[in-house]
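Data block below; observations after.
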Amino acid sequence: MDHSTAAGGSSRADRLSRNGRIWPAVAARDANALITLAVDVFGFQRQLVVPGEQPDEVVHSQLVWPEGGVVQISSAGREGSEF
């Protein structure tokens, strides 16, 4: 019996590509520019972008990779941030 597929027909690899992966978090000096680069050049899709109180500050963002996975980008050097 093959246990690599669930009752719904998706393989373990398919489920892991959508769930259970590590989502990297990147703190950047210019988070908005890095988000634009990831979307326009690499093909990520904006899922969520939370602006900060300061101009051009990003508190949190989530960019989705179409084949599965997410990268999080925020502004480096924000007050109260570890990065």
Side-chain angles (χ1 to χ4, degrees):
M1 176 180 239
D2 181 5
H3 295 286
S4 64
T5 58
S10 64
S11 71
R12 181 175 187 273
D14 290 339
R15 290 190 310 277
L16 284 175
S17 71
R18 292 187 305 270
N19 306 306
R21 295 282 187 191
I22 294 172
W23 292 4
V26 178
R29 287 186 183 157
D30 190 343
N32 285 308
L34 186 56
I35 290 167
T36 299
L37 175 79
V39 170
D40 293 349
V41 176
F42 296 112
F44 282 86
Q45 299 168 347
R46 284 180 181 87
Q47 182 179 46
L48 172 71
V49 178
V50 180
E53 294 180 12
Q54 301 301 317
D56 297 322
E57 182 179 61
V58 177
V59 173
H60 176 76
S61 72
Q62 292 179 192
L63 307 178
V64 178
W65 183 248
E67 286 80 24
V70 171
V71 64
Q72 302 170 73
I73 299 173
S74 65
S75 296
R78 290 180 294 113
E79 187 175 325
S81 173
E82 295 180 22
F83 304 105

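Note that the coordinates shown come from a computational prediction; the quantities given were computed from them, not determined experimentally. Residues: numbered from 1 along the sequence shown.
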**Message:** With a 4.5 Å cut-off on side-chain heavy-atom distances among I, L, V, M, F, W and Y, is there a chain of contacts connecting Val41 to Val64?
**Reply:** no
**Message:** Tell me the closest heavy-atom pair linking Val59 and Gly52, and the distance in Å.
**Reply:** CG2-CA, 3.4 Å
**Asked** Closest approach of Gln45 and Pro66, non-hydrogen atoms and distance?
**Response** NE2-CG, 4.1 Å
**Asked** Could you give the distance from CD (Gln72) to CD1 (Ile35), rounded to the nearest 0.5 Å?
**Response** 11.0 Å
**Prompt:** For the residue pair Ser61 and Ile73, what are the closest heavy atoms and their distance?
**Reply:** OG-O, 2.6 Å
**Request:** Only one of Leu34, Val71, Val70, Leu48 passes side-chain contact (heavy atoms from CB on, under 4.5 Å) with Leu63; say which it is.
**Result:** Val71
**Asked** Taking it one step at a time, do Arg46 and Thr36 satisfy side-chain contact (heavy atoms from CB on, under 4.5 Å)?
**Response** CA-CA 9 Å; Arg46 284 180 181 87; Thr36 299; 3.7 Å; yes
**Request:** Taking all heavy atoms of Trp65 and all of Phe42, pick out the closest pair and write down the distance.
**Result:** CZ3-O, 2.9 Å
**Message:** Side-chain heavy atoms nearer than 4.5 Å, only ILVMFWY residues, links allowed to pass through others: does that put Val26 and Trp23 together?
**Reply:** no
**Prompt:** What about Val50 and Val58, same hydrophobic cluster or not, with Ile/Leu/Val/Met/Phe/Trp/Tyr joined at side-chain heavy-atom distances under 4.5 Å?
**Reply:** no
